[in-house]
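Here is the structure we will look at, set down as structure tokens.
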Amino acid sequence: MYAVTSKDGTKIAYDKVGQGPALILVAGAFSYRKFPGQVQLANLLSEQFTVYNYDRRGRGDSGDTQPYAITREIEDLQAMIDEAGGSAYVWGLSSGAVLALQAAASGVNITKLALHEPPFVVDPADRIVPTHFFGHVSELIADNRRAEAIKYFMTKGMGAPSFVIGMMRLMPGVWSKLLAVAHTLPYDAALLDGYMDGKPLPANSWSEVKIPTLVLEGTESPASLRHGAQALAGMLPHAQLLSKKGLGHTKQLNTKIISSELRAFFNENF
């Protein structure tokens, strides 16, 4: 394990593997650097890249200086990029994709950006989250009702059937790991606040993001994720949309397919 200090003094833990251009992985909700899918993806990509797989603040071995702000998470990613040599490729998954996008828009030195199914809900016909989603998640965590927060976030935010929660409680080691990172769910909800209400993405929201960008979506994914990915790819100046079976993220990550597509994109000359 390595660690870097973010601008506000928070320790950000990370693992580093491989050789080649720097590539930073930004995890989504519930995930952390030791999550099996993250580890597998990092190892597969390490054949061609120096992969930095870090714990977002509040998770794993990273610190959690309060109060939280999206700006602090952007500074964490900036610290990782500085540690990697001052510039890097970045892949973000789900809410991590939104964080990576916000960082790129703020001027963080990302040379190429891969955004994997950011959970934007842009079609009113798709399943939208409750209007009080962010506030309710925050209230549950403030009251230390972590189990309720997990269920609410997964069912109302991610659209998981209720029975899935019961299954996770019975799977050895799974529920305890979810409880360990549940207090960071308001951070993910904050990143998504205002982008899951079934309305079009605000015009020119990220027009500053002029770097080569790949938006990934799985053809097996829920319609809301696919519509969100398509809308984002259509509004970024230099983005391409990749639609392919096996790129979905609502179940187990297909790290072989994902790593293959990421290698092709990050090695492509523009």
Side-chain angles (χ1 to χ4, degrees), residues 1-116 118 177 180-188 190-191 208-209 211 213 253 255 258-259 262-263 266:
M1 184 190 81
Y2 302 88
V4 66
T5 302
S6 192
K7 186 176 180 180
D8 70 348
T10 302
K11 182 187 78 170
I12 302 299
Y14 69 94
D15 293 326
K16 181 172 69 170
V17 61
Q19 292 183 335
L23 169 56
I24 298 174
L25 308 183
V26 187
F30 294 108
S31 195
Y32 50 98
R33 81 179 201 282
K34 295 297 185 183
F35 189 79
Q38 288 284 117
V39 175
Q40 292 168 11
L41 184 60
N43 288 336
L44 287 169
L45 291 168
S46 69
E47 298 171 5
Q48 296 183 21
F49 306 98
T50 302
V51 184
Y52 293 78
N53 182 20
Y54 77 101
D55 283 327
R56 286 174 52 190
R57 63 173 51 209
R59 311 179 190 198
D61 295 304
S62 288
D64 194 20
T65 306
Q66 296 297 311
Y68 173 82
I70 294 173
T71 303
R72 302 289 85 77
E73 281 226 74
I74 292 174
E75 291 170 354
D76 299 343
L77 181 51
Q78 177 67 69
M80 287 300 307
I81 290 175
D82 291 343
E83 184 76 356
S87 64
Y89 302 146
V90 172
W91 169 84
L93 175 67
S94 197
S95 63
V98 183
L99 172 57
L101 177 62
Q102 300 280 39
S106 71
V108 171
N109 194 10
I110 298 170
T111 49
K112 288 185 182 180
L113 182 62
L115 303 174
H116 197 156
K177 290 177 180 177
V181 297
H183 64 286
T184 64
L185 291 177
Y187 307 170
D188 297 290
L191 283 161
E208 308 94 333
V209 182
I211 56 175
T213 302
L253 291 179
T255 54
I258 295 168
S259 62
L262 292 180
R263 284 195 297 268
F266 288 128

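Worth saying up front: this structure is predicted, and the values here are computed from it rather than measured.
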Working to the nearest 0.5 Å, report the span between [atom1] of [X] and [atom2] of [Y].
X      : Y      : atom1 : atom2 : result
Glu73  : Thr10  : CD    : OG1   : 10.0 Å
Leu253 : His116 : CG    : NE2   : 7.0 Å
Leu101 : Thr213 : CG    : OG1   : 8.0 Å
Leu77  : Ile74  : CG    : CD1   : 8.5 Å
Lys177 : Ser31  : NZ    : OG    : 11.0 Å
Leu41  : Trp91  : CG    : CH2   : 5.0 Å

What residues form a side-chain hydrogen bond (donor to acceptor under 3.5 Å, both in side chains) with [X], not counting sequence neighbours?
X     : result
Asn53 : Gln38
Lys34 : Asp15
Asp82 : Gln78
Asp76 : Ser6, Arg57

Counting only N and O atoms by type, is there a donor-acceptor contact under 3.5 Å from the side chain of [X] to the main-chain atoms of [Y]?
X      : Y      : answer
Thr184 : Val181 : yes
Thr111 : Ser87  : no
Arg56  : Ala27  : yes
Ser95  : Gly28  : no

(request) Evaluate the criterion side chain to side chain contact (heavy atoms under 4.5 Å, CB included) for residue pair His183 and Asp64; output intermediate values, then yes/no. (result) CA-CA 10 Å; His183 64 286; Asp64 194 20; 3.6 Å; yes

Could you pull out all residues at least two apart from [X] that satisfy side-chain contact (heavy atoms from CB on, under 4.5 Å)?
X     : answer
Gln19 : none
Glu83 : Val4, Tyr14
Thr5  : none
Ala22 : Tyr52, Ala84, Ala88

Considering non-hydrogen atoms only, spot the tightest contact between [X] and [Y] and give its length.
X      : Y      : result
Tyr89  : Pro21  : CE1-CB, 3.8 Å
Ala100 : Leu115 : CB-CD2, 4.2 Å
Val90  : Phe266 : O-CZ, 3.8 Å
Asp61  : Lys11  : O-CE, 3.1 Å
Ala114 : Leu262 : CB-CD2, 3.6 Å
Gly92  : Ala97  : O-CB, 3.2 Å

(message) The criterion is ring pair (Phe, Tyr, Trp, His ring centres under 6.0 Å); which residues satisfy it with Tyr68, sequence neighbours excluded?
(response) Tyr187

(request) List for me each residue that meets ring pair (Phe, Tyr, Trp, His ring centres under 6.0 Å) alongside Phe30, sequence neighbours excluded, and say none if there are none. (result) Phe153

(request) Report the residues that fulfil salt bridge (Lys or Arg N to Asp or Glu O under 4.0 Å) with Glu75, sequence neighbours left out, ordered by chain and then residue number. (result) Arg72

(request) Could you list the residues that satisfy salt bridge (Lys or Arg N to Asp or Glu O under 4.0 Å) with Arg59, not counting sequence neighbours? (result)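 Result, salt bridge (Lys or Arg N to Asp or Glu O under 4.0 Å) vs Arg59: Asp188.
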
(request) Taking the side chain as every heavy atom from C-beta outward, state whether Leu45 and Arg263 have any pair of such atoms under 4.5 Å apart. (result)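 Yes, their side chains come closer than 4.5 Å.
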
